[in-house]
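First up is the structure itself, then whatever we jot down about it.
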Protein chains: 2
Amino acid sequence: MATISKENYLKAIYLLTRENGNRISTSVLANDLCVTNAAISDMANKLSKQGFVEYKKYKGIKILSKGKKIAVDILRKHRIWELFLVETLGYDWGDVHLEAEKLEHCTTNNLIDRIDEYLNFPAADPHGAPIPNKEGNYRIQTDDTIMSECEIGKNYTVTRVNDRNSDLMNYLSQIKISLNKEIKIIDKLNFDNSIIVEIDGINHSLSEILVNNIYLKESKK
Amino acid sequence: MATISKENYLKAIYLLTRENGNRISTSVLANDLCVTNAAISDMANKLSKQGFVEYKKYKGIKILSKGKKIAVDILRKHRIWELFLVETLGYDWGDVHLEAEKLEHCTTNNLIDRIDEYLNFPAADPHGAPIPNKEGNYRIQTDDTIMSECEIGKNYTVTRVNDRNSDLMNYLSQIKISLNKEIKIIDKLNFDNSIIVEIDGINHSLSEILVNNIYLKESKK
DNA sequence: TAGTAAAGTTAAGCATACTTAAATTATTTA
DNA sequence: TAAATAATTTAAGTATGCTTAACTTTACTA
């Protein structure tokens with residue numbers, strides 16, 4: 001069985017894999033989970049013995065289908081809880097991540113299926129992240145671009161925001177950045193990797209951290 | 001801090017204290033929690049060191065206000081979740097205990113307060129157990145009698161049912177026992193402590209286990 | 001290609017929450 | 001009231017998931 005800790009490891013491995021390619025290094029994972037490299041080596045052996053990941057000493061970790069299944073299951077629970085908290089209980093979008101992080105591990109499949117139905121089988125969470133269905137398949141395709149790679153002069157709509165930092169989320173709310181918002185890339189400053197954008201006719205300077213946590217799609221107009 | 005395990009110990013001590021008097025013995029608690037006596041002695045020392053309980057070797061355990069506060073907090077979360085599952089998600093009353101048992105430990109006060117408000121500050125859970133408010137005070141007084149001590153010939157209404165056994169709950173549904181149901185005590189059989197009751201004009205024999213898990217109040221009519 | 005820095009692993013140790021087995025205390029009962 | 005029995009505690013050991021410190025492997029650089 002997968003403990004809470006193992007579920008968190010598999011979730012992190014799954015998400016980092018999508019960002020960083022096929023195998024992920026132990027130190028990238030250690031940094032993400034805020035534990036030491038020693039803890040990662042230890043856990044990698046356990047997960048490997050259980051068939052959740054492939055682990056070769058000094059060669060990094062690769063998630064296997066058995067591990068991916070658990071990771072997607074936890075992501076489904078996480079994202080459905082986030083949406084429930086915003087939609088049904090009126091939470092701000094910046095306040096749901098930590099709650100969902102706890103709830104995802106003590107939620108049965110039956111319970112999450114019922115909430116999924118209650119919310120009418122939503123396709124995305126409050127931050128635009130896609131929600132897997134019961135079978136583990138995503139209901140929408142994500143074909144967005146990270147803001148740091150967007151082009152000067154073009155118009156975009158906000159499709160997704162990473163939700164791990166609630167202060168960051170609150171700041172986005174403050175400058176009126178929300179899902180589906182129209183924004184224009186005015187300038188990209190190379191010396192600090194910040195980007196000047198126009199939102200509701202007002203120019204804002206967004207730091208490197210910000211532009212690496214916002215995803216956009218070119219708008220039609 | 002109180003871990004999940006400690007929260008469960010304190011909840012059990014609190015509930016057993018109400019049933020069995022002031023101090024409870026380690027073996028009663030061991031039986032309730034399905035662990036060995038050794039585990040109880042071990043944990044009793046830890047809880048005592050943290051000021052949650054008073055523990056004297058060979059003299060049993062007494063809950064202190066600091067421990068009671070945690071127990072009531074967990075009970076509040078448990079009962080609000082149970083009601084939410086029945087009212088909002090359409091669960092059967094026999095299927096909510098195990099879900100609530102998991103959710104109660106990963107629910108912040110903020111979250112449970114919001115669900116409490118969403119449910120319009122209910123007074124009792126789906127089994128008739130009173131729900132403590134934010135301050136830890138019960139919203140209703142319980143002045144019911146356990147069915148085993150009810151009198152032959154009298155009419156009662158069902159006020160509360162212990163919810164720990166889902167098969168028992170399902171059986172109650174089957175014979176149409178629900179909260180506020182009118183039932184009449186027809187006979188009490190001393191040789192097996194069962195009770196014959198009349199429900200909707202039909203007589204049923206209720207075993208000793210059953211009559212020790214149902215609470216009644218004499219009806220006015 | 002040797003030397004060094006960075007990355008990764010192993011070993012030993014700790015806290016939690018259990019277990020079984022042995023020892024101790026309390027309670028019956030004869 | 002003393003022996004037998006029941007209840008309880010202590011001791012030693014286990015699994016999980018971490019830590020720090022020491023060591024090994026890999027990658028980089030000169």
Side-chain angles (χ1 to χ4, degrees), chain A residues 1-14 16-17 19-63 66-67 70-71 74 101-102 104-106, chain B residues 1-13 16-17 19-63 67 70-71 74 101-102 104-106:
Chain A
M1 260 306 296
T3 60
I4 290 176
S5 217
K6 284 174 183 168
E7 288 177 349
N8 281 329
Y9 273 75
L10 291 170
K11 182 178 62 167
I13 294 165
Y14 175 77
L16 288 169
T17 298
E19 286 169 22
N20 299 4
N22 218 348
R23 304 191 90 85
I24 64 155
S25 73
T26 48
S27 50
V28 162
L29 187 54
N31 180 61
D32 187 87
L33 290 170
C34 298
V35 296
T36 59
N37 280 338
I40 303 294
S41 292
D42 194 35
M43 185 61 96
N45 282 309
K46 291 177 190 166
L47 293 174
S48 173
K49 261 179 205 145
Q50 287 185 86
F52 293 127
V53 303
E54 182 187 294
Y55 172 52
K56 286 180 188 154
K57 270 168 64 169
Y58 300 104
K59 301 292 179 193
I61 302 165
K62 186 186 166 187
I63 199 158
K66 190 179 168 190
I70 289 183
I74 294 297
E101 204 82 347
K102 299 178 82 184
E104 64 191 17
H105 304 290
C106 55
Chain B
M1 260 306 296
T3 60
I4 290 177
S5 218
K6 283 175 183 168
E7 288 177 349
N8 280 329
Y9 274 74
L10 291 170
K11 182 178 61 167
I13 294 166
L16 288 169
T17 299
E19 286 168 21
N20 299 4
N22 218 347
R23 304 192 91 85
I24 64 154
S25 73
T26 49
S27 49
V28 163
L29 187 55
N31 180 62
D32 188 87
L33 290 170
C34 300
V35 295
T36 59
N37 281 336
I40 303 294
S41 293
D42 193 36
M43 185 61 96
N45 282 310
K46 291 177 191 166
L47 293 174
S48 173
K49 262 181 204 143
Q50 287 186 85
F52 293 126
V53 301
E54 184 187 292
Y55 172 53
K56 287 180 188 153
K57 270 167 63 167
Y58 299 103
K59 301 293 180 192
I61 301 164
K62 185 187 166 188
I63 197 157
I70 288 182
I74 293 297
E101 204 82 349
K102 299 179 81 184
E104 65 191 16
H105 304 291
C106 55

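Chain naming here is simple, since letters A, B, ... match the order of the sequence lines and numbering starts at 1 in each.
Between B:Ile24 and B:Asp32, the closest side-chain pair of non-hydrogen atoms is not below 4.5 Å. The closest side-chain heavy-atom distance from A:Tyr14 to A:Ile70 is not below 4.5 Å. Here the side chains of A:Leu47 and A:Ile13 are in contact, with some heavy-atom distance below 4.5 Å. The closest side-chain heavy-atom distance from A:Arg23 to A:Glu54 is below 4.5 Å. A heavy-atom distance below 4.5 Å is not found between the side chains of A:His105 and B:Cys106. At a threshold of 4.5 Å between non-hydrogen side-chain atoms, the residues A:Glu104 and A:Asn8 count as touching.
In this structure, B:His105 atom NE2 and C:dA17 atom P are separated by 12 Å, rounded to whole Å. Here the P atom of nucleotide C:dA26 and the CZ atom of B:Arg23 are 14 Å apart, to the nearest Å. Between the P atom of D:dT8 and the CD1 atom of B:Ile40 lies a distance of 11 Å, rounded to the nearest Å. For B:Asn45 and C:dC18, the CG to C1' distance is 15 Å, given to the nearest whole Å.
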Requested in this report: Summarise protein proximity over nucleotides 14-20 of chain D in one line of letters, 5' to 3': B for base, S for sugar-phosphate only, - for none, counting protein heavy atoms closer than 4.0 Å.
Outcome: --SBBBB
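Not a single donor-acceptor pair under 3.5 Å links the side chain of B:Lys6 to the backbone N or O of B:Lys46.
For D:dT9, the OP1/OP2 oxygens have a side-chain nitrogen or oxygen of B:Thr26 closer than 4.0 Å.
Contacts between residues 47-63 of chain B and DNA chain C, counted as heavy-atom distances below 4.0 Å, involve B:Tyr58.
More than 12 heavy atoms of other residues, nucleotides or ligands sit less than 6.0 Å from atom NZ of A:Lys66.
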